[in-house]
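Remember, predicted model here, so these are calculated numbers, not experimental data. Note on naming: letters A, B, ... go to the chains in the order of the sequence lines (proteins, then strands), and numbering restarts at 1 for each one.
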Amino acid sequence: MTLKEKYPINLHNTLSGKKEQFEPIHEEYVGMYVCGPTVYSDVHLGNVRTFLNFDVIYRYLMYVGYKVRYVRNITDVGHLESDADEGEDKIAKKARLQQLEPMEIVQQYTNDFHDVLKQFNILPVSIEPSATGHIVEQIEMVQQLIDKGLAYEVNGSVYFDVSKYDKDHNYGKLSGRKIEELMESGRTLDSQDEKRNKIDFALWKKASPTHIMRWPSPWGEGFPGWHLECTVMSTKYLGESFDIHGGGMDLIFPHHECEIAQSVGSTGKEPVKYWLHSNMLTVNGQKMSKSLGNSFLPRELFAGTHQLLQKGFSPMVVRFFMLQSHYSSTLDFSNEALIAAEKGYKRLMEGYKVSKNLPFEQNDVDGELETKTKELIDGLFLNMGDDFNTAKTLAVLFEITTMMNNFKTGNIKTGYLTQETFAELVSRYQGFITEVLGLREEAETSNDLLNGVIEVLMKLRQDAKEARDYQLSDKIRDDLKNLGIVLKDSKEGTEYSIA
RNA sequence: GGCGCUGUGGCCGAGUGGCUAGGCAGAGGUCUGCAAAACCUUUUACAGCGGUUCGAAUCCGCUCAGCGCCUCCA
């Protein structure tokens with residue numbers, strides 16, 4: 001029995017509002033699409049949280065044996081600054097302000113995005129398509145929608161006819177909106193006269209004479225609407241129906257609702273089996289966002305230069321911090337919480353290190369411990385399989401950490417377990433920490449010279465202790481501590497760690 | 001206004017109709033020359049008011065507080 005058969009995955013589907021057992025459309029293969037960033041400025045920590053959450057989902061699916069094609073787009077055109085039809089293209093605007101080519105802006109922030117993800121140990125995706133690379137396909141889909149009577153052209157722009165679509169399909173089923181209410185609420189803008197209804201959205205926009213980003217189309221020169229790219233690219237690389245579509249909660253409406261309408265409208269098929277949405281990162285209870293001015297940039301966090309932080313925190317500490325909450329809950333970002341997370345992270349990684357150097361020594365098997373250990377191993381899978389509950393998984397990992405420490409001190413002998421169970425415990429413990437949760441040891445110094453110097457100092461301290469010169473031995477210990485090098489004595493000898 | 005979510009111990013944060021979440025912090029102990037680390041033990045809880053139930057923090061209703069989406073946002 002394979003892992004994925006032994007431990008079925010249940011996940012919360014936004015579409016049904018319920019937890020459902022995960023069954024991919026094609027056995028063994030999983031197609032997953034996540035809405036990526038609009039690359040017109042630096043990604044902030046809130047953005048990172050979403051990509052981190054889906055990184056763990058991606059990792060776990062692979063860990064239990066699925067072959068996953070993970071597609072995450074780069075939005076490099078069509079995402080407008082304010083109202084869906086009135087604003088300026090975000091990238092075009094930035095390019096204008098900085099007097100650069102739009103593609104220079106795109107490249108700059110795409111590079112930054114990749115750098116940031118790498119620092120957080122977020123795996124690269126299988127395919128990372130961009131909107132401008134799929135203009136042809138987008139034009140094709142617009143044409144299909146026009147042909148089916150679900151879109152109409154006005155003055156070189158094309159809009160999706162939501163009320164017409166809603167006659168045969170349910171527009172609003174993902175977000176729980178009703179079309180009548182949508183018609184009533186919200187703002188009415190003066191120059192919306194091109195659209196038949198205010199809830200219609202742009203599939204293709206005519207480019208004004210000064211607009212730099214423009215492509216020829218059957219309706220004149222223009223550029224694609226924002227919602228279209230995800231539908232087109234997910235269809236192209238994952239098929240008309242695929243397994244998982246993810247993104248931040250704030251994309252449910254209108255973005256994902258529009259995606260469904262475009263897919264169903266053009267292909268007649270339901271595009272996504274499971275919709276997964278990651279909740280927001282908050283600061284003092286409020287959503288972190290650029291417009292509110294409360295967003296943190298990764299580099300401000302690492303360096304500790306943000307005014308709300310007392311010190312810097314490493315990417316792995318932040319990763320650990322985020323994994324302590326469930327992806328579907330809001331998570332509040334604070335100095336105190338990060339300090340606590342930093343200590344917890346260190347404890348876990350110390351346990352990880354301990355686990356790498358534990359010899360198995362045959363002994364009488366303790367049946368109770370053997371059973372409990374197997375339950376802990378199961379617990380890792382059951383918790384991850386329960387809607388990717390990383391918080392509970394971490395709790396189990398901490399229980400195993402205690403065991404590892406007990407093995408090290410000899411409180412519990414490794415041989416109280418069968419060799420088989422012991423080996424599996426160690427391997428799952430390590431696998432969940434590194435492969436599933438994607439935590440890794442911080443770049444410890446691999447500097448042989450420094451290590452050698454510390455060894456010399458530790459020997460000197462040992463000599464001083466034997467000579468009962470505690471003044472000297474404590475001075476060595478304290479001075480090293482001030483440099484961030486902590487000496488740890490135990491019966492087996494002295495070890496050190498570098499903060 | 002519409003739709004939806006949240007309210008857990010000093011802090012963060014899981015979870016659930018009856019059985020220890022976990023991390024951080026606090027207390028006591030083991031170890032140590034003293035510490036640190038590690039280990040063991042341990043205190044503090046489910047916003048308020050009603051209801052359902054043998055039993056609710058967990059289900060239902062109301063109240064209060066806060067948040068999200070309905071404009072761009074991961």
Side-chain angles (χ1 to χ4, degrees), chain A residues 17 34-38 40 43-54 79-87 90 172 175-178 180-182 184-187 189 199 226 246-255 277-282 284-292 295 320-321 324-326 328-334 336-348 350-351 354 379 383 386 389-399 401-402 404-406 408-412 465 468 470 473-474 477-478 481 486-491 494-497:
Chain A
V34 171
C35 290
T38 302
Y40 71 104
V43 284
H44 67 245
L45 246 24
N47 304 324
V48 170
R49 186 182 182 209
T50 297
F51 302 123
L52 175 57
N53 287 145
F54 286 102
H79 199 162
L80 303 183
E81 185 66 26
S82 58
D83 182 87
D85 304 309
E86 298 311 305
K90 288 184 180 214
S175 57
R177 318 245 157 173
K178 293 195 176 66
E180 309 82 51
E181 284 162 4
L182 288 166
E184 290 164 20
S185 69
R187 296 180 304 175
L189 287 164
I199 54 169
W226 174 44
M249 291 251 278
D250 49 359
L251 295 182
I252 294 175
F253 190 89
H255 187 56
H277 289 98
S278 169
N279 214 323
M280 300 292 106
L281 186 65
T282 61
N284 296 322
Q286 275 201 314
K287 175 180 172 179
M288 182 184 285
S289 77
K290 257 174 247 172
S291 51
L292 287 168
S295 62
F320 174 89
F321 165 71
Q324 277 186 300
S325 74
H326 191 254
S328 67
S329 302
T330 55
L331 171 64
D332 202 62
F333 191 78
S334 73
E336 294 71 31
L338 282 166
I339 288 172
E342 182 167 54
K343 291 182 181 168
Y345 165 74
K346 282 187 176 162
R347 181 167 138 75
L348 184 67
E350 284 300 315
V354 166
N383 287 314
D386 182 12
N389 196 324
T390 53
K392 282 183 92 172
T393 304
L394 274 173
V396 177
L397 287 172
F398 273 107
E399 284 189 57
T401 298
T402 300
M404 293 298 166
N405 287 329
N406 276 314
K408 186 190 177 193
T409 58
N411 271 0
I412 307 175
K465 278 170 76 169
R468 295 186 168 274
Y470 295 123
S473 68
D474 288 357
R477 182 178 71 196
D478 297 342
K481 192 180 177 189
V486 181
L487 301 186
K488 301 178 197 175
D489 296 332
S490 71
K491 281 182 180 158
T494 302
E495 294 172 357
Y496 65 91
S497 66

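Nucleotide B/rA27: paired with B/rU41 (Watson-Crick or G-U wobble, both distances less than 3.5 Å). Across all strands shown, B/rU52 forms no Watson-Crick or G-U wobble pair with both distances under 3.5 Å.
Residue-level contact check: A/Asn406 touches the backbone only, with heavy atoms under 4.0 Å from sugar-phosphate atoms and none from bases. Nucleic acid contact for A/Lys178: none, since no nucleic acid atom lies under 4.0 Å from a heavy atom of the residue. Contact annotation for A/Lys290: no contact, since no heavy-atom pair falls under 4.0 Å across all strands. Nucleic acid contact for A/Phe253: sugar-phosphate only, since backbone atoms but no base atoms lie under 4.0 Å from a heavy atom of the residue. The residue A/Ser473 sits close to a base: some heavy atom pair falls under 4.0 Å. Across all strands shown, A/Leu331 has heavy atoms under 4.0 Å from sugar-phosphate atoms exclusively, and none from any base. Base contact: A/Arg477 has a heavy atom under 4.0 Å from a base atom.
No donor-acceptor distance shorter than 3.5 angstrom exists from the side chain of A/Asp489 to the backbone of A/Thr494, with no hydrogens or angles considered. Judged by distance alone, with hydrogens and angles left aside, the side-chain atoms of A/Ser278 form no donor-acceptor pair with the main-chain N or O of A/Gly247 at under 3.5 Å.
Taking the side chain of A/Ser325 as heavy atoms from C-beta on, and the options B/rC39, B/rA74, B/rA14, the nearest nucleotide is B/rA14. Out of B/rA36, B/rG33, B/rA74, the shortest distance to the side chain of A/Val486 is found at B/rA36. The side chain of A/Asp474 sits closest to B/rC34 out of B/rC34, B/rA35, B/rC39. Taking every side-chain heavy atom of A/Glu399 into account, B/rA21 is the closest of B/rG2, B/rA21, B/rC39. Listed candidates were B/rG13, B/rA74, B/rC40. Nearest to the side chain of A/Thr50 is B/rA74. The listed nucleotides are B/rC12, B/rC70, B/rA74; the one nearest the side chain of A/Ala337 is B/rC12.
A gap of 13 Å separates the C1' atoms of B/rA45 and B/rG15, to the nearest Å. Nucleotides B/rG51 and B/rA56 place their C1' atoms 12 Å apart, quoted to the nearest Å. When the P atom is compared between B/rU52 and B/rG68, the two are found 37 Å apart, to the nearest whole Å. B/rA36 and B/rC24 have their P atoms separated by 15 Å, given to the nearest Å. The C1' atoms of B/rU6 and B/rA47 are separated by 11 Å, rounded to the nearest whole Å. The P atoms of B/rC59 and B/rA25 are separated by 33 Å, rounded to the nearest whole Å. With P as the reference atom, B/rG7 and B/rG13 are 10 Å apart, rounded to whole Å.
Put simply, A/Phe51 does not rest on the base of B/rA74: the two rings are not both less than 5.5 Å apart at their centres and under 30° in tilt.
Residue A/Lys178 qualifies as open at atom NZ: its count of foreign heavy atoms under 6.0 Å is 12 or below.
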